Amino acid sequence: MAETQGKVITCKAAVVWGPKVPLVIQEICVDPPQKMEVRVKILYSSICHTDLGCWNGTNEAERAFPRILGHEAVGIVESVGEGVKDVKEGDYVIPTFNGECGECKVCKREESNLCERYHVDPMKRVMVNDGGTRFSTTINKDGGSSQSQPIYHFLNTSTFTEYTVLDSACVVKIDPNSPLKQMSLLSCGVSTGVGAAWNIANVKEGKSTAVFGLGSVGLAVAEGARARGASRIIGVDANASKFEKGKLMGVTDFINPKDLTKPVHQMIREITGGGVDYSFECTGNVDVLREAFLSTHVVSP
Ligand SMILES: NC(=O)c1ccc[n+]([C@@H]2O[C@H](COP(=O)([O-])OP(=O)(O)OC[C@H]3O[C@@H](n4cnc5c(N)ncnc54)[C@H](O)[C@@H]3O)[C@@H](O)[C@H]2O)c1
Ligand SMILES: [Zn+2]
Ligand SMILES: [Zn+2]
């Protein structure tokens with residue numbers, strides 16, 4: 001049993017104190033896990049564009065500070081709260097922001113996994129058990145000492161910290177012999193992208209695909225489409241260096257909108273003889289979404 005079990009852990013975390021304010025690495029306190037919660041020592045954490053969106057505070061309703069961002073990670077379970085059966089101390093896990101209780105009507109439905117209790121919610125900032133936080137600090141945003149104040153959670157996960165507390169429904173056990181450093185990408189970017197191509201669009205062999213934005217989500221879409229046998233995968237990105245990375249994931253053609261004097265969808269329609277079979281928007285930009293939509297052909301082949 002971990003020496004720290006049942007005790008408050010003091011550790012370092014990257015705390016965000018306000019929109020666009022640089023993250024501060026500071027000491028925080030992490031409470032023990034409550035019923036059906038787990039406390040995890042974070043080994044690796046990666047950055048997703050969604051962390052950036054929340055840090056920017058673009059959506060006012062998502063603002064809650066101080067807060068610990070981060071949702072892609074790999075960690076080891078330090079201790080578990082009452083009733084946790086799925087994982088135990090020492091298990092290697094990745095967090096998942098889209099948790100599953102396994103019992104609600106949505107979890108039992110085949111079409112969706114947006115669990116009634118633990119589904120992804122960027123507005124949520126506290127634990128469901130008691131509406132409280134498991135993080136607190138006595139250091140204020142200027143580095144001075146203050147009375148203990150809560151630090152908010154993010155996306156059911158909060159991984160930019162040495163220790164975090166999550167609902168056990170929001171962790172997935174992984175093989176300790178897997179390449180741990182890369183496994184954090186399974187928490188979000190890779191699952192989102194591969195899942196979009198494989199499960200949602202269900203890309204069929206020999207079909208053509210356009211992928212707008214070759215970041216972690218877009219590259220994973222390309223990989224998913226490649227794995228399903230897509231014949232042509234057109235990558236679109238405003239950053240030319242993404243083509244080299246894209247090729248490794250199966251991207252066959254590359255379009256940089258900055259090089260064009262016409263809309264991207266027009267170019268795609270021209271080179272594909274009417275438009276692609278599938279199109280994926282992976283930049284988070286509404287104008288790009290329109291281009292992606294218009295890039296598909298109108299008539300079923
Ligand atoms: N489950 C989900 O729904 C989910 C999961 C992860 C990310 N996201 C969202 O997906 C989006 C992408 O996330 P990411 O982590 O892959 O981002 P990223 O920053 O790694 O990649 C974005 C890519 O888009 C390119 N880009 C940006 N604007 C462009 C434009 N106007 N035209 C062409 N290319 C452009 C950038 O050069 C970059 O390569 C974000 O909006 C993020 O919030 C959603
Ligand atoms: Zn993400
Ligand atoms: Zn559920």
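Computed from a prediction, not measured in an experiment: that's the story for all the values here. Start at 1 and go down the list; that is how both ligands and their atoms are numbered.
- Shortest non-hydrogen contact noted between Ile255 and Ile271 is CD1-CD1, 4.3 Å.
- At a cut-off of 2.8 Å, His49 does not coordinate the Zn ion (ligand 2) through any N, O or S atom.
- Aromatic ring orientation, His71 versus Phe97: perpendicular (interplanar angle above 60°, classes split at 30° and 60°).
- The count of protein N, O or S atoms under 2.8 Å from the Zn ion (ligand 3) stands at 4, with waters excluded from the count.
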Ligand 1: protein N/O within less than 3.5 Å of ligand N/O:
{"from": "ligand 1", "atom 1": "1 (N)", "to": "Thr192", "atom 2": "OG1", "distance (Å)": "3.3"}
{"from": "ligand 1", "atom 1": "15 (O)", "to": "His49", "atom 2": "N", "distance (Å)": "3.1"}
{"from": "ligand 1", "atom 1": "16 (O)", "to": "Ser216", "atom 2": "N", "distance (Å)": "3.1"}
{"from": "ligand 1", "atom 1": "16 (O)", "to": "Val217", "atom 2": "N", "distance (Å)": "3.0"}
{"from": "ligand 1", "atom 1": "17 (O)", "to": "His49", "atom 2": "ND1", "distance (Å)": "3.4"}
{"from": "ligand 1", "atom 1": "19 (O)", "to": "His49", "atom 2": "ND1", "distance (Å)": "2.6"}
{"from": "ligand 1", "atom 1": "20 (O)", "to": "Ser216", "atom 2": "N", "distance (Å)": "3.4"}
{"from": "ligand 1", "atom 1": "34 (N)", "to": "Ala238", "atom 2": "N", "distance (Å)": "3.2"}
{"from": "ligand 1", "atom 1": "37 (O)", "to": "Asp237", "atom 2": "OD1", "distance (Å)": "2.6"}
{"from": "ligand 1", "atom 1": "39 (O)", "to": "Asp237", "atom 2": "OD1", "distance (Å)": "3.4"}
{"from": "ligand 1", "atom 1": "39 (O)", "to": "Asp237", "atom 2": "OD2", "distance (Å)": "2.6"}
{"from": "ligand 1", "atom 1": "39 (O)", "to": "Lys242", "atom 2": "NZ", "distance (Å)": "2.9"}
{"from": "ligand 1", "atom 1": "43 (O)", "to": "Thr50", "atom 2": "OG1", "distance (Å)": "2.8"}

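- Here NE2 of His49 is found 11.5 Å from CD1 of Ile47. Values are rounded to the nearest 0.5 Å.
- Within the model, atoms CZ of Phe135 and NE2 of His153 stand 5.0 Å from one another, a figure rounded to the nearest 0.5 Å.
- Looking only at distances, no side-chain donor or acceptor of Arg125 sits under 3.5 Å from a matching main-chain atom of Tyr152.
- Closest non-hydrogen pair, Ser187 versus Glu72, comes out as CB-CA, 3.5 Å.
- His71 contributes atom NE2 as its closest N/O/S atom to the Zn ion (ligand 2).
- Residue Ile174 comes nearest to Val93 through the heavy atom pair CG1-N, 4.0 Å, listed as atom of the first residue, atom of the second, then distance.
- For Asp287 and Arg290, the salt-bridge test fails: no basic side-chain N is under 4.0 Å from an acidic carboxylate O.
- Of all the heavy atoms in Val21 and Trp55, the pair that sits closest is O-NE1, 2.8 Å.
- In this structure, NZ in Lys204 is found 11.5 Å from OG1 in Thr209, a value given to the nearest 0.5 Å.
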